[in-house]
Amino acid sequence: MPRTLTLPTPDDLHLHLRDGAVLRAVLPQTARVFARAIVMPNLVPPVVTTADARAYRERIAAAVPDGAAFEPLMTAYLTDATDPDDLAAGFEQGVFTAAKLYPAHATTNAAAGVTDVRALAPVFERMQRLDMVLCIHGEVTRPDVDIFDREAVFVDEVLAPLRRDFPELRIVLEHVTTAHAVAFVESADARLAATITPQHLLFDRNAMLVGGIRPHLYCLPILKRDRDRTALRRVVAAGSPKFFLGTDSAPHTRRTKETACGCAGVFSAPVALEAYATAFDDIGCLDRLPAFAAGFGRRFYGLAANPGTVTLEEAPWTVPERVAIDDVDDLRPLFAGEELRWRVR
Ligand code: DOR
Ligand code: ZN
């Protein structure tokens, strides 16, 4: 008998769905497993206002495959000009679940992000009063800071002061990658939590750079050292409720990945839960997966449990090489063409 693991239907608490043809190609991949997702707002142009989010939510709803139940949880893209009144109205009307802080130019489509975090004090003040969650891309962008240090410097220079100035604000430090960030989140109170991606649990930077460069493992924050991955693996094995599932599945077409200046993002949606299961099994803590995938995060967001369950079984399968978008281009999933030993039944 193959080993199996049944868990409550999970949520992906950090997801890029894009728009148009890419949205239609990727949404079924997430909706096959996850009931809800925190949807990132870094479209071009970004999802800034309540009206933007309503319209995007409708486009997502229209792309949900027949027979699937999937609820997008919308986020507001914070800019230097965010209107606290519109943000509050969107939250109170149930349009926004959270707001996302991108430091300007930190990552894909972050050009309209925030140039001075301190200047956003009125927005954070308002969010704190509403108990609206702030999701953060935690990297500084100063050119003098090495790309491998950008998260750790952000924690010290931006996140620590922000926590001091807004002690009641609930924050998710998205896609943590370093031992330094893990230690900071662990030592904080329950108002600070973090998401962890499958790639940061599975790989260190050697996997991306030794023996040839693998552009499909290039994401931001960039993969770090083995000791950083070890810190991530340690906290999930410990079952800390402060760390939960957010894939950061970030599709870019093969053409824009396999080029002289490739885009950042790992497209993990087609293998997301299977990849986490592989990681947790490697670590020896498969029993921790249900709470990581379907408990800690939804509780942090104050969401009810989803109906139903999902069952994983240990049965090898080969991941498809590509997910077609249309006739001209395609997406290459994480583990494309490779064998994975866990699959969703
Ligand atoms: O690798 C990444 N890709 N990191 C991000 O923060 C954004 C994402 C994207 O939107 O492509
Ligand atoms: Zn992201």
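We count ligands from 1, going down the list as the structure has it; atoms in each ligand are counted the same way.
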Near [X], which atoms of ligand 1 are under 4.0 Å from a heavy atom of that residue?
X: C219; answer: 1 (O)
X: H137; answer: 6 (O)
X: A250; answer: 3 (N), 8 (C), 9 (C), 11 (O)
X: H252; answer: 9 (C), 11 (O)

Any idea which part of [X] is under 4.0 Å from ligand 1, heavy-atom wise: side chain, backbone, both or neither?
X: E174; value: neither
X: N109; value: neither
X: R18; value: side chain

**Item:** Check: T75 side chain, A98 main-chain N or O, donor-acceptor pair, under 3.5 Å
**Value:**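 Checked: no pair found.
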
**Under 3.5 Å: donor-acceptor pair, side chain of R150, backbone of V145** =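 Yes: the side chain of R150 pairs with the backbone of V145.
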
**Asked** Got F70 and I60 here, is their nearest side-chain heavy-atom distance under 4.5 Å?
**Response**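 Counting from C-beta outward, F70 and I60 do come under 4.5 Å.
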
**Asked** Between D165 and R118, is there a side-chain N and carboxylate O pair less than 4.0 Å apart?
**Response**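 Judged by the 4.0 Å cut-off on N to carboxylate O distance, D165 and R118 do not form a salt bridge.
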
**Prompt:** What about G265: any of its N or O atoms under 3.5 Å from an N or O on ligand 1?
**Reply:**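 Among all N and O atoms of G265, at least one is under 3.5 Å from an N or O of ligand 1.
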
**Message:** I want to know if ligand 1 touches Y218 in the polar sense, i.e. an N/O pair below 3.5 angstrom.
**Reply:**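 Y218 vs ligand 1: no N/O contact under 3.5 Å.
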
**Request:** Carefully, step by step, assess D281 and T278 under the rule side-chain hydrogen bond (donor to acceptor under 3.5 Å, both in side chains).
**Result:** CA-CA 5 Å; D281 196 14; T278 303; over 6 Å; no

**Prompt:** Does even one non-hydrogen atom of H14 get within less than 4.0 Å of ligand 1?
**Reply:**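 No.
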
**Message:** If the contact criterion is a heavy-atom separation under 4.0 Å, does M40 count as touching ligand 1?
**Reply:**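 M40: no contact with ligand 1 (<4.0 Å).
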
In the protein, which heavy atom is nearest to [atom], and how far is it?
atom: atom 4 (N) of ligand 1; value: L220 O, 2.7 Å
atom: atom 3 (N) of ligand 1; value: A264 O, 3.0 Å
atom: atom 7 (C) of ligand 1; value: T107 OG1, 3.2 Å

**Asked** Ignoring water, what protein N, O or S atoms are under 2.8 Å from the Zn ion (ligand 2)?
**Response**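 Hits for the Zn ion (ligand 2) below 2.8 Å: H14 NE2, H16 NE2, D248 OD1.
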
**Prompt:** side chain to side chain donor-acceptor pair (under 3.5 Å) with H16: which residues, sequence neighbours excluded?
**Reply:**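 H16 satisfies side chain to side chain donor-acceptor pair (under 3.5 Å) with H14, N42, D248 once adjacent residues are dropped.
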
**Asked** Which residues satisfy the side chain to side chain donor-acceptor pair (under 3.5 Å) test with R36, sequence neighbours excluded?
**Response**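 For R36, the residues satisfying side chain to side chain donor-acceptor pair (under 3.5 Å) (neighbours in sequence not counted) are D11, N306.
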
**Item:** Neighbour count above 12 (heavy atom, 6.0 Å) for R225 CZ
**Value:**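 12 or below, so no.
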
**Message:** Just verifying a value: how many Å separate L13 CG and T247 OG1, rounded to the nearest 0.5 Å?
**Reply:**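 If I round to the nearest 0.5 Å, the distance is 9.5 Å.
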
**Message:** So, taking the atom named CD in E168 and the one named CZ in R191, what distance separates them when rounded to the nearest 0.5 Å?
**Reply:**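 One gets 4.0 Å once the value is rounded to the nearest 0.5 Å.
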
**Message:** If we count only N and O atoms by modelled type, under 3.5 Å, do the side chains of T195 and E174 hold a donor and an acceptor together?
**Reply:**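 Their side chains do contain a donor-acceptor pair, which is all the 3.5 Å distance test asks for.
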
**Message:** Do R170 and F300 form a cation-pi contact, if we require the NZ or CZ to be under 6.0 Å from the six-membered ring centre and within 45 degrees of the ring's axis?
**Reply:**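 Flagged: R170 positioned over aromatic ring of F300.
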
**Asked** Which residue pairs satisfy the ring-ring contact (aromatic ring centres under 6.0 Å, His included) criterion with at least one member in residues 97-130, sequence neighbours excluded?
**Response**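 ring-ring contact (aromatic ring centres under 6.0 Å, His included) check on residues 97-130 returns Y77-Y102, F124-F166.
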
